[in-house]
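Let me begin by presenting the structure, written as structure tokens, before commenting on it.
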Number of protein chains: 2
Amino acid sequence: MVTTTSLAGNPYQQDCPTRRILDRIGDKWTVLIVGALGDEAVRFSELRRRVEGISQKMLTQTLRSLEDDGLVSRTVTAQVPVKVEYALTDVGQSLRAPLKALEDWSIEHLGQVLDARTAQQAA
Amino acid sequence: MVTTTSLAGNPYQQDCPTRRILDRIGDKWTVLIVGALGDEAVRFSELRRRVEGISQKMLTQTLRSLEDDGLVSRTVTAQVPVKVEYALTDVGQSLRAPLKALEDWSIEHLGQVLDARTAQQAA
DNA sequence: CAGAATCCTTCTCGATACTG
DNA sequence: CAGTATCGAGAAGGATTCTG
């Protein structure tokens with residue numbers, strides 16, 4: 001029987017683990033929020049200051065998604081005015097390593113990518 | 001002068017290297033195509049078979065973007081019918097490592113994320 | 001302070017039909 | 001075989017307004 005030997009099971013599907021995670025972290029704000037949280041708990045307003053250019057809507061929305069996926073915890077302190085702090089969970093923390101790998105690659109190769117891009121536009 | 005010490009330069013910007021790369025690889029098909037290419041040259045039609053569910057339009061479009069960014073090379077062999085092969089460039093190859101890191105994390109933690117997600121929907 | 005709700009624009013992507 | 005061109009639906013995200 002002839003099979004594409006190196007492709008047993010055909011791993012290049014839309015619902016493979018990598019793509020499903022990229023669906024979550026590939027949006028406009030997620031990685032920035034994860035970076036802004038780091039290893040400390042941060043208040044909503046402080047988070048909004050740290051993540052440059054984010055709207056209140058998108059900050060809320062992205063934090064909700066991260067919370068739903070168990071990557072971020074939300075702690076409400078009943079005082080006046082109310083205090084809400086967000087922090088990475090253990091799982092959320094563990095995501096920082098692969099993101100760091102991607103960041104390192106980006107820093108090292110973004111220049112080449114941009115050069116290739118502008119060179120292409122010339123043609 | 002007062003500065004947010006741990007945030008010198010405010011790294012959490014939309015145009016930071018990581019986000020710019022995620023703008024490229026965070027789309028629906030890029031990582032699947034990179035995976036399907038691996039370390040060999042692959043023809044257009046074969047690529048289309050490997051990447052499950054991709055339309056001809058999106059395959060072409062994503063390959064063009066990857067080519068413009070210098071991550072993929074395109075080789076045309078003039079024969080009848082014409083043969084076009086795509087392969088990862090050196091830069092494209094170097095991207096596989098950080099993507100692998102993300103894949104490993106996804107395989108290890110996707111279950112937890114999905115569990116958290118369904119648990120959240122119950123509430 | 002930390003949000004919810006609404007409107008509106010832009011971008012992504014899929015489907016379809018045609019070509020050298 | 002390997003594309004190009006066009007259309008339209010839906011999602012993502014920004015601006016604005018209002019609230020416990």
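Chain A is the first sequence line, chain B the second, and so forth, proteins listed ahead of strands; every chain is numbered from 1.
The side chain of B:Arg74 contributes an N or O atom lying less than 4.0 Å from OP1 or OP2 of D:dG3. Contact annotation: A:Arg48 does not reach the phosphate of C:dG3 (side-chain N/O to OP1 or OP2, under 4.0 Å). Not one side-chain nitrogen or oxygen of B:Thr60 sits closer than 4.0 Å to the OP1 or OP2 atom of D:dG3. Listed pair A:Tyr86 / C:dC1 fails the phosphate criterion, with no side-chain N or O lying under 4.0 Å from OP1 or OP2. Put simply, B:Arg43 has no side-chain N or O that comes within less than 4.0 Å of OP1 or OP2 on D:dC1. Contact annotation: B:Arg64 reaches the phosphate of D:dG3 (side-chain N/O to OP1 or OP2, under 4.0 Å).
For B:Glu46 and D:dA2, the CD to C1' distance is 14 Å, given to the nearest whole Å. Atom CG of A:Leu59 and atom P of C:dG3 are 8 Å apart (whole Å). We find that CG of B:Asp23 is positioned 14 Å from C1' of C:dT10, with the value rounded to whole Å. Taking atom NZ of A:Lys83 as the reference point, atom P of C:dC1 lies 13 Å away to the nearest angstrom. The nearest whole Å value for the distance from the CD atom in A:Glu85 to the C1' atom in C:dC1 is 13 Å.
Crowding of A:Asp15 atom CG: a count of heavy atoms from other residues, nucleotides or ligands under 6.0 Å exceeding 12.
Closest non-hydrogen pair, A:Pro98 versus A:Ser94, comes out as CD-O, 3.4 Å.
A side-chain donor-acceptor contact under 3.5 Å links A:Gln56 and A:Thr60. Checked by atom type, the side-chain pair A:Arg50/B:Tyr12 shows no donor-acceptor distance below 3.5 Å.
Salt bridge annotation for B:Glu103-B:Lys100: absent, with no cationic side-chain nitrogen under 4.0 angstrom from a carboxylate oxygen. Contact check on A:Arg117 versus B:Asp68 returns no salt bridge, with no Lys/Arg side-chain nitrogen under 4.0 Å from an Asp/Glu carboxylate oxygen.
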What string of B, S and - do you get for nucleotides 9-20 of chain D, 5' to 3', if B is base contact, S is sugar-phosphate-only contact and - is no contact with any protein heavy atom under 4.0 Å?
----BBB-----

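One hydrophobic cluster, built from ILVMFWY side chains closer than 4.5 Å, cannot hold both B:Leu114 and B:Ile107; they sit in different ones.
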